[in-house]
There are 2 protein chains.
Amino acid sequence: MSSEQLAELAGVNAAKVRKDLSYLGSYGTRGVGYDVSELVDEIAHELGLTQDWPVAIVGLGNLGRALANYRGFGARGFRIVALVDADPDKVGGSVGELDIESIDDLGAIVADRNVAIGVIATPAGVAQEVTDRLVDAGVGSILNFAPAVVTVPDGVSLRKVDLATELQILSFYQQHRPTPTPLVDAGAPTPPATAVQATRRR
Amino acid sequence: MSSEQLAELAGVNAAKVRKDLSYLGSYGTRGVGYDVSELVDEIAHELGLTQDWPVAIVGLGNLGRALANYRGFGARGFRIVALVDADPDKVGGSVGELDIESIDDLGAIVADRNVAIGVIATPAGVAQEVTDRLVDAGVGSILNFAPAVVTVPDGVSLRKVDLATELQILSFYQQHRPTPTPLVDAGAPTPPATAVQATRRR
DNA sequence: CTCTGTGAAATTTTTCACAGCG
DNA sequence: CGCTGTGAAAAATTTCACAGAG
């Protein structure tokens, strides 16, 4: 597959694809393109996806349950090894194959199962406390879904997914839409809309 | 509050805060700083958050239910006005205050309730089809949680939240962590770790 | 001939640094 | 004085464009 095709699929410039891939090394063949399975392997290796990263989910409300059931994790090599909650009513219950354990046992759980990544799906109010507990237990990466800013010490990675922020960004574009409702004949070649775009290609 | 303080809270450079805010106009007071509530109002206005953007959620598996129950949406002015699924067993059920309706009624639902934003929480396999249906119905912004790349016509905004991608990014940093497990005396000033950081400040 | 890999150019983003307002 | 607003500089990112490998 050529950089041109990859670029089309990703919605970016072909030169960017080539430049980015060049940082991995020279895995393309001039005049031909890239071997996709080779690329997949190389990228997986570079991203550390060939290793097994045990994941613990803290907080088993609706979002935590959704994440626990999310099949996309296993598919990409992330193994959920623990579900932890503070609510005594939830502890002892289970989601899928896994039992819900008490956050008081976090230290032992992280140590025993080598938890590398902690996912926070708790209410905002306890997010920082949970983060601190995870860090103290030795977890090196945190993915925070709680609508709260949390801080971590140097050396710990932190990412935040804020669902409301995503909607706010859409709202911005929605407000700046070329036409509030594009009342164009179905079948017309293409609406003349060309303005600020959140959209990628086509 | 000064740009310095705002920058500290956001984990960015103070000049960047000032430069960014300057695009809204001149809402600061020299020698003093910014009036936070004024900033909140101005930013809300610029982002279109003073308007009401009706949201429809398509797909009511675990993730869809979590999103439907997510209190952060209402708190920031997004009103969920419809829950839609293709599964006849789910249609007629409800989540919170809202009934689950059939995707076959999508056109009427979008038109009646002025749905502006569609949230896709379906399996990957039907994400493109659902996207097309939403766009045909007149929805101008799409937030895609399905682990699938979907395309939209020009003039429609699209954002994607990929949970597994977030983990992959963490995995990358985890793999490049300064020390696998920072075995530093608790109480030591600060671990000497200084390397590639996903972390913001402190 | 086609398509990669990559210097160099163009563009965008971020930071510096300071005039000047309150 | 202290802190904003902003030109100008610096840095980072993206794109161009083309030599040269296959």
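Letters go in sequence order (proteins before strands), and every chain restarts at 1.
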*Who are the salt bridge (charged side-chain N to carboxylate O under 4.0 Å, His left out) partners of Asp132(A), not counting sequence neighbours?*
none
*Considering residues at least two apart in sequence or located in another chain, which fulfil the salt bridge (charged side-chain N to carboxylate O under 4.0 Å, His left out) criterion with Lys19(A)?*
none
*Using the side-chain hydrogen bond (donor to acceptor under 3.5 Å, both in side chains) rule, collect all pairs that involve residues 21-31 of chain B, keeping only residues at least two apart or in two chains.*
Tyr27(B)-Glu42(B)
_Assess the residue pair Leu6(B) and Leu21(B) against the criterion (side chain to side chain contact (heavy atoms under 4.5 Å, CB included)); give the C-alpha distance rounded to whole Å, side-chain angles, the decisive distance to 0.1 Å, and a yes or no._
CA-CA 11 Å; Leu6(B) 290 169; Leu21(B) 291 179; 4.2 Å; yes
*Closer than 4.0 Å, any side-chain N/O of Ser3(A) to the OP1 or OP2 of dT4(C)?*
yes
*Tell me, please, the opening and closing nucleotides of DNA chain D, 5' to 3', among those with an atom under 4.0 angstrom from a non-hydrogen atom of chain A.*
dT14(D) to dG22(D)
*Greater than 12 external heavy atoms within 6.0 Å of Glu166(B)'s CD*: yes
*Can you name the side chain to side chain donor-acceptor pair (under 3.5 Å) partners of Asp105(A), sequence neighbours left out?*
none
All N/O contacts under 3.5 Å from nucleotides 9-13 of chain C to the protein, with atom names and distances to one decimal?
none

How would you list, by chain and number, every residue that makes a side chain to side chain contact (heavy atoms under 4.5 Å, CB included) with [X], sequence neighbours excluded?
X: Ser3(B); value: Ala14(B), Val17(B), Arg18(B), Tyr34(B)
X: Asp41(A); value: none
X: Asn13(B); value: Ala15(B), Lys16(B)

_Please report the distance, rounded to the nearest Å, between CG in Leu6(A) and P in dC3(C)._
12 Å
*Going by the ring pair (Phe, Tyr, Trp, His ring centres under 6.0 Å) test, which pairs reach into residues 61-88 of chain A, not counting sequence neighbours?*
Tyr70(A)-Phe73(A)
*DNA chain D-proximal residues of residues 18-27 of chain A, any heavy atom under 4.0 Å*: Arg18(A), Lys19(A)
*Near DNA chain C, under 4.0 Å by heavy atom, which residues of residues 28-40 of chain B?*
Thr29(B), Arg30(B)
_Heavy-atom side-chain contact between Leu134(B) and Ile142(B) under 4.5 Å_ = yes
